[in-house]
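Some notes on the structure that comes next.
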Protein chains: 2
Amino acid sequence: MFERLKRLLIGRPMKSNELEGERLSKLKALAILSSDALSSVAYGTEQILLVLIAAGFTALWYSLPIALAVLGLLAILIISYRQTIFSYPSGGGAYIVAKDNLGKAPSLVAGGSLLVDYILTVAVSSSAGTDAITSAFPSLHDHRVLIALIMIIFLTILNLRGVTESASVLAIPIYLFVIAIFVLIVSGIIKYMSGGVHAAHPEFGAAVSNASLFLLLKAFSSGCSALTGVEAVSNAIPNFREPAAKNAAKTLLMMGLILGAMFTGITLLAYWFGIQPTEKSTVISQIAEATFGRGALYFIIQGVTAVILFLAANTAYSAFPLLAFMFAKDKYMPHMFMVRGDRLGFSNGILFLSIFSAILVIVFGGNTESLIPLYAVGVFIPFTLSQLGMMMRWVRLKPDGWVIKLAINTIGMLTTLSITLIFVITKFTQVWVIFIFLPLVVYVFYKIRAHYDNTADQLRINLQEDKPNPKGNTIIIPISGITRVVLNTVSYAKTLSNNVVAVYIGFDDESIAKMEKKWAEWDPGIRLIVLKSRYRSIMRPLMKFIQTVEWKKSAEDHITILIPQFVTKHWWENVLHNQTSIMMRAYFIRYKEVIVTTVPFHLKN
Amino acid sequence: MFERLKRLLIGRPMKSNELEGERLSKLKALAILSSDALSSVAYGTEQILLVLIAAGFTALWYSLPIALAVLGLLAILIISYRQTIFSYPSGGGAYIVAKDNLGKAPSLVAGGSLLVDYILTVAVSSSAGTDAITSAFPSLHDHRVLIALIMIIFLTILNLRGVTESASVLAIPIYLFVIAIFVLIVSGIIKYMSGGVHAAHPEFGAAVSNASLFLLLKAFSSGCSALTGVEAVSNAIPNFREPAAKNAAKTLLMMGLILGAMFTGITLLAYWFGIQPTEKSTVISQIAEATFGRGALYFIIQGVTAVILFLAANTAYSAFPLLAFMFAKDKYMPHMFMVRGDRLGFSNGILFLSIFSAILVIVFGGNTESLIPLYAVGVFIPFTLSQLGMMMRWVRLKPDGWVIKLAINTIGMLTTLSITLIFVITKFTQVWVIFIFLPLVVYVFYKIRAHYDNTADQLRINLQEDKPNPKGNTIIIPISGITRVVLNTVSYAKTLSNNVVAVYIGFDDESIAKMEKKWAEWDPGIRLIVLKSRYRSIMRPLMKFIQTVEWKKSAEDHITILIPQFVTKHWWENVLHNQTSIMMRAYFIRYKEVIVTTVPFHLKN
């Protein structure tokens, strides 16, 4: 039944060689990898204006140069990541770049930071999407956590079904969003040019007495939150169709151009329309209202914006399992993250991401806004390390034109480092936890790696010298009566060894005498040993007996316990029988040289 | 660690022959078995007055004849159960008496009804005790469910520790309660005799226009709720010290006298003091206030009453496991209810009772009052059946003086039957569920019995004819590489059979070729078979291979799968390894003639 439900939700299992078919075309890749980055257009400009308005309406003109700076940073990031893609065509996230150029510890910091960040992305995005829904339907406000969890479950199923299928589903809202925003921008520009806007806008270049450098930097760093998600493409190169690197680079460029154009358009319109950030209405909503009025077009724009905010979580679903796979391959995370599921996705990574983000949503009661600064820091730390890694690479390899490349990465590194520092300084109370959590995560990575190395050392054999060395074997059959199950087990035991004994544990002398008599009557050709238990325990007398056997036998011998067990026809019937065999297994697994086997006898009805 | 916590809570395990020491003296038995019955004094009189007040203050004089009728019923029950105790000295609850005299179905109805009832007792009593606590500390009202659950957990631990220990703990509050009530009654009588009571009491024998027979019957049946719990002694005879039957009979008589005297005293005082039932103050509280004023004595009486209401649940804890044991012995309930725990109590019965009553408390949010009528019906159905059974017995055996004995049981049967009918008629909306639930429970009993009978038939062997019949054995070792674990397993396999093959399942041709080469180099003396899996599944190719082997081999052969597995030093390290062996076991347990064995290799660190 579970199997059937799984098929319904996830689809039929796929062959390994269908993997190529699961790879992404550029258009689908853009849809699946850009939702996080593109969705930030919905709040990027607003973040800048929110900081600036503290210095008064006039200060809002600074949004234009700040937006230009953000665009510059975007350009630097895009160019830099293009360089990364071609340098690391098999996938070059911050983890790979740092590992290759900076060494173990920085790469673990970068990768660990990203892994934690993807979990935060899912939690924050699903909460943001829920906010959009509950703004429209306030009666749903009490069910926020439930709605966010349903969204996470929906994304989980979508991603378990496989990469291309989820791309097909997601492409529609994402392209709708892009089209809607461009329609808004073009219409807004036409309206402004034709003199249809009557609100005053702040004078460009006006002196603002209380606009400190700190304020401007804070506004800039806030605007940079629009750039989270740009790294998704460089992590996901193995998901692209061949030639993967080239396609990935083109997709990245496309994404950068679309993001830049949308961000520029929105910021310009916000300036021209003299829009001030308010609690009640988002900047996009104000621009749309000023352009179209509260008509059908307005609501379409609001609707697709809500959907895209929610879908931003999906970027994490394509990036997290891949990064986890790389960590698992390098033995910093459990092997299970390397296993491809029925539909060729890394199911364990997907499930892990869902479970931990769901826990965050539940713990924060759906109010994950306070996690946003944490989330931004978690992005810019690996950005910085990745840039630094690329700098090292150019210095080391010195290919043609390496000076320019080095310059680009140096500028990028300094900028992202500054933004990280600004975040840490201006929002320390919200981000301090990362300085505890990140070292902890890195420590766990090291411990896991140490365990795997240690295990491998212990398991390695020398093919020439270490050969099988058969030993003796004593077989013990614990019995509680003479039944068909025991008969079955004794028959089986006789195929394995001539050294078989049955052991009966009685609670009183009477039952022991009775058993001995019955055994003599049956005479199955093996010896019966009876033990008396005064504590009604089966394990303790049996254990003592085995220790006696161990003491007598040569040190080289195995002891095999064969447990006669009948298997009921229906699983629920097991409740009616004492599960001694499960207890025995759990008990004896701790003892070396004792092998516990259950010999099943299947009841017919 | 779990083991240590268990020892701390439950105590050291006890030997089976310590059972005699766990048996109860009369005084302890009175304490442990009478809490349910005696606690009903706290509300018995009130239940009568609450019904009568509907016909006006004057009608309250009827409480005296009704109390007399209840006392009469109590006398009949006590005499009748004395007869039962001597007829069934090894424990004669309604189940045994009905089984012996009325047959299978009535006995299952009686016993099933009691089992359900004990669960209700625990739920209702723990909620009532919680009410007493939250009345004193209203701020705790929001934590009602938690408090009731803590009470249930406390009783569970107490009873898991063993019968005598819980008797020692419980004796103090119960005897305190008895003393407190007698002090109250004597003081109240002195006060009344010395003319210290100024309130008017209703005239005895005054005509009451609207006191219908229905009302009086309802008042009588409500008063009978004071008699629930009387049957506890007759169920628990095996818990008494020898001579068990005599001691039980004496204890029953003592309990009846104490209960009767307390009930008479409280009812008389309530009448003399002219007390009317109100929402705010219980009858006991009003009597105590009128006698002592709101001083220390008043609060002591309220305190011990609250404690005794809560302890009423404990009666169920001594009765349920014993009754469940009898059912399990007769194969109507799972075997596990027959297993004595470390401390010689029937731990599974105790835990079952706790879990289901806790579920009731949680489902009803701690408001289990609506379950009280159900609970009363659940007591009087087995009462009636037990009396009917005794009637049959006298008619059948005709011992000396059987006519009188028959008369007593006939009167008892007719009375309890009438009370049952009155309950059903006057409170049908609250008790109808028992007519669905009870048949269902009885049906489950029959199904369980049928399963056990069926299993026993299938497992039975003929000692003369059915002898062990050794067959062939093919051993299969699935491997994923050549490691020390595989070496260990191959060595072990060679002790068992010469018919051993290793199976490697590869996902691509390259890994298969590599494995074949390595195996040839190692040359462990057994054959390697390689299989290719296109779905990354281990199970399906392995299953197909086993089916091929089965097809080739003679029908008589066993197939043994030896799974090489390493056991990590710390359990949590298992997260880091794919648990293929667990999956294999779960998968192959369904197939007959396939025996799955895990061959453990213990990592040293």
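So that the names make sense, note that chain A is the first sequence line, chain B the second, and so on, each numbered from 1. Note that these values count all heavy atoms, side chains included, but never hydrogens, waters or copies made by symmetry.
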For chain A, the option from B:I448, B:T483, B:D523, B:I526 that forms the most heavy-atom pairs under 4.5 Å: B:T483
Considering only heavy atoms and a distance below 4.5 Å, find which of B:T489, B:D508, B:I482, B:L496 pairs most often with chain A. B:L496
With sequence neighbours left out, write down each residue that passes salt bridge (Lys or Arg N to Asp or Glu O under 4.0 Å) with B:K329, or none if nothing qualifies. none
With sequence neighbours left out, write down each residue that passes salt bridge (Lys or Arg N to Asp or Glu O under 4.0 Å) with B:D453, or none if nothing qualifies.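 B:D453: salt bridge (Lys or Arg N to Asp or Glu O under 4.0 Å) contacts with B:R449.
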Could you have a look at [options] and say which one has the most heavy-atom pairs with chain B under 4.5 angstrom?
options	result
A:V596, A:T560, A:V599, A:T598	A:T560
A:F601, A:W522, A:F566, A:Y452	A:W522
A:D466, A:V567, A:V485	A:D466
A:K331, A:E465, A:Q464	A:Q464
A:M338, A:H451, A:K518, A:M333	A:H451

Against chain B, label [X] side chain, backbone, both or neither, depending on which of its atoms sit under 4.5 Å from a heavy atom there.
X	answer
A:K447	neither
A:T568	side chain
A:N454	side chain

Closest approach of B:I595 and A:Y492, non-hydrogen atoms and distance? CD1-CE1, 3.3 Å
Are more than 12 heavy atoms, taken from residues, nucleotides or ligands other than A:Y446, located less than 6.0 Å from that residue's OH atom?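 Counting neighbours around OH of A:Y446, more than 12 heavy atoms of other residues, nucleotides or ligands fall under 6.0 Å, so yes.
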Do B:V490 and A:K467 come close enough that some side-chain heavy atom pair is under 4.5 Å?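 No, their side chains stay 4.5 Å or more apart.
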For residues B:P468 and A:L487, determine if any side-chain heavy atom of one lies less than 4.5 Å from a side-chain heavy atom of the other. yes
Which residues in residues 455-462 of chain B have a heavy atom less than 4.5 Å from any heavy atom of chain A?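 B:T455, B:Q458, B:L459, B:R460, B:I461, listed by number.
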Using the test side chain to side chain donor-acceptor pair (under 3.5 Å), find all partners of A:T597 that sit at least two apart in sequence or belong to another chain.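 Side chain to side chain donor-acceptor pair (under 3.5 Å) check on A:T597 returns B:T597.
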